[in-house]
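What follows is a set of notes on a single structure, which appears directly below.
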Amino acid sequence: MAVQHLNGGYGVNMDIGGGRMLLHTGADLGWFDHGLPVFALADGVVRRSTPGLRVQLAERGIKAAIRGPADYGNVIVIEHRIADKVFCTLYGHLGDDWLVRQGDLVSAGQRIGTIGRKSPLINGDYEPHLHFAVHEEAFLEAGTPLMRLQLNGQAVDVTLTELSETELRVTAPVDLSRAVVAFGPEAEFPLEPVEGGGYRLPARVAWLVSSPHAAIPGYAPTLDGFRDPIGFLREQMLLNREGSYFEVSTHRGLDVPSRVGSPAPSWEVDGWLNVAEDRAPTLERVRGRIACLFLVQVNCSGTKSHGWAAIQAVARRLEHDPDVALLAMQTTFTLPARNNRANLERAVSSAGITIPVGQMSKPSDEFVLGLGQRGTPWVVLLDQVGVIQFSNFLVRPEEIVARIDSLRKPQ
């Protein structure tokens, strides 16, 4: 039987055998509450969302006897920037129904997963609980040596200059414009030169490399720098900060791959509101503009709590912008008797929505999987040639507008 430390485990030296000790940083919460929802502490970007060490080794056919603190199971790390404060929160021992992936933007109080069940693979061989910790810096700071390459027998340090949701930028003292960083046959990344100097790589390379924060994907060999979050919360007064708390509805497993960078599928709807059928938006008709698709369900709690309000806010800014096409669709996955056209008409009228809204009584797999949709409310951004540039649970309206503005360039 697992016993909780009286203080939640804060700052407890744990014997991991062989005369080695590990400082248990963080808080152990929600003991034995398998399936209890886990929420993001604050607005931020997901820096890591990966399986635990045992799972990754098992996928390689390796059975390893790893005890206790060496494995945090399914783990999520979120980086937050509030005023002049930058910090990360870590959520460990999560279940398989995590709801966010690397690079996703999340809002305060957004549900990101659940406490995992007891399993040697899934939970790091613990009784169900949440390991929660805070790191008082960015996930990776500019200036961090990201990796060391061997080039013609010479060691070359590659240094991080910028890390965003989707990419990182690095510099090196030698020309690497024709270099390719390989992590096995399925993970090869060319260093793409960028204007002004340096190179571009996908963001996930940040934790594929041997950095102090991520020697193995999804596994931090040490939690140095992470600590008990309670004192941090009190000091920063985050406990008194109002957050935008909401829920979302999921309808697809999280094995749905990201479709960012892929051509968008066409769509067929049963009928449209707020637009004549002969002028209804199709994939062909929105081509040449930036298209923003809001995917909702009237019975979805997230659609009710913030979906309609977000659509309204974006429409106030961009509804009459000639470079932007705004449209919404009810993608009915559950409760068809409630998520029907009649209720959609009432909801649209009540919310004062004036952009085109389509009714999809039964979305096709080609449409759902083609967009990478995993629930509602969902937002998809297409560039001027119909390529998906963003596909995620609906984020704050100002983030949507900012992303649209970033796409205002010839493709």
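- Ser350 places no side-chain N or O within donor-acceptor distance of the main-chain N or O of Ala347, the cut-off being under 3.5 Å.
- Rounding to the nearest 0.5 Å gives a distance of 8.0 Å between CZ of Phe390 and CH2 of Trp378.
- The closest donor-acceptor contact from the side chain of Glu319 to the backbone of Arg316 lies at 3.5 Å or more, if one exists at all.
- Taking both residues in full, the closest heavy atoms of Val134 and Phe87 are given as CG1-CD1, 4.3 Å, listed atom of the first, atom of the second, then distance.
- When all heavy atoms of Arg338 and Val298 are compared, the closest pair comes out as O-CG2, 3.5 Å.
- Listed here is the closest heavy atom pair of Ser391 and Val260: N-CG2, 4.2 Å.
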Dump the intermediate steps for side chain to side chain contact (heavy atoms under 4.5 Å, CB included) on Leu99 and Thr114, then the final yes or no.
CA-CA 9 Å; Leu99 305 178; Thr114 58; over 6 Å; no
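- Nearest approach of Pro128 to Gly116, heavy atoms of both residues: CB-O, 3.3 Å.
- A donor and an acceptor atom, one from each side chain of Asn274 and Thr354, are nowhere located under 3.5 Å apart.
- Val286 approaches Leu327 most closely through the heavy-atom pair CG1-CD2, 4.5 Å.
- Looking at Gln312, its side chain does come within 3.5 Å of a backbone N or O of Ala351 through a donor-acceptor pair.
- Looking at Thr334 and Asn339, their side chains come closer than 4.5 Å, going by heavy atoms from C-beta outward.
- Of the N and O atoms on the side chains of Thr282 and Trp267, not one donor lies less than 3.5 Å from an acceptor on the other residue.
- Looking at Tyr199, its side chain does come within 3.5 Å of a backbone N or O of Leu176 through a donor-acceptor pair.
- With a 4.5 Å cut-off on side-chain heavy atoms, Leu168 and Leu160 count as touching.
- The CZ atom of Arg289 lies 12.0 Å from the CD1 atom of Ile404; values are rounded to the nearest 0.5 Å.
- Side-chain N or O atoms of Asn74 include one that pairs as donor or acceptor with a backbone N or O of Gly95 at under 3.5 Å.
- For the atom pair SG (Cys292) and CG (Leu381), the distance works out to 5.0 Å, reported to the nearest 0.5 Å.
- The side-chain heavy atoms of Leu130 and Tyr91, taken from C-beta on, include a pair separated by under 4.5 Å.
- A 4.5 Å side-chain heavy-atom check between Thr331 and Gln373 finds at least one atom pair inside the cut-off.
- Atoms CE and CG, from Met360 and Leu344 in turn, are 12.5 Å apart once rounded to the nearest 0.5 Å.
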How far apart are the C-alpha atoms of Phe333 and Val368, what are their side-chain angles, what is the distance that settles it, and do they pass the side chain to side chain contact (heavy atoms under 4.5 Å, CB included) test?
CA-CA 10 Å; Phe333 301 104; Val368 176; 3.6 Å; yes
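- The closest side-chain heavy-atom distance from His80 to Val86 is not below 4.5 Å.
- At most 12 heavy atoms of other shown residues, nucleotides or ligands fall within 6.0 angstrom of atom CD in Glu268.
- The existence of a salt bridge linking Arg408 and Asp321 is confirmed by a sub-4.0 Å separation between a basic side-chain nitrogen and an acidic carboxylate oxygen.
- Scanning all heavy atoms of the two residues, the minimum distance from Leu201 to Pro190 falls at CD2-O, 3.5 Å.
- Classified by interplanar angle (parallel below 30°, tilted 30° to 60°, perpendicular above 60°), the ring pair His93/His129 is tilted.
- Under a 3.5 Å cut-off, the side chain of Arg285 and the backbone N or O of Ala280 do form a donor-acceptor pair.
- To the nearest 0.5 Å, atoms OG (Ser262) and CG (Leu371) are separated by 10.5 Å.
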Between Ile76 and Leu94, is a side chain to side chain contact (heavy atoms under 4.5 Å, CB included) present by the stated rule, with each step listed?
CA-CA 8 Å; Ile76 290 172; Leu94 300 176; 3.5 Å; yes
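- For the residue pair Asp270 and Gln359, no side-chain donor N or O sits within less than 3.5 Å of a side-chain acceptor on the partner.
- Distance check: Met329 CE to Leu273 CG gives 12.5 Å after rounding to the nearest 0.5 Å.
- Under the 4.5 Å side-chain criterion, counting only non-hydrogen atoms from C-beta, Pro37 is in contact with Arg111.
- For the pair Leu105 and Val100, the minimum side-chain heavy-atom distance is 4.5 Å or more.
- Checking side-chain atoms of Asp33 against main-chain N and O of Leu36 turns up no donor-acceptor pair under 3.5 Å.
- Between Val314 and Phe294, some side-chain heavy-atom pair lies under the 4.5 Å cut-off.
- Residues Thr303 and Gln297 have side chains that never bring a donor and an acceptor to within less than 3.5 angstrom of each other.
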Stepwise side chain to side chain contact (heavy atoms under 4.5 Å, CB included) test for Leu41 and Ile78
CA-CA 9 Å; Leu41 173 73; Ile78 303 175; over 6 Å; no
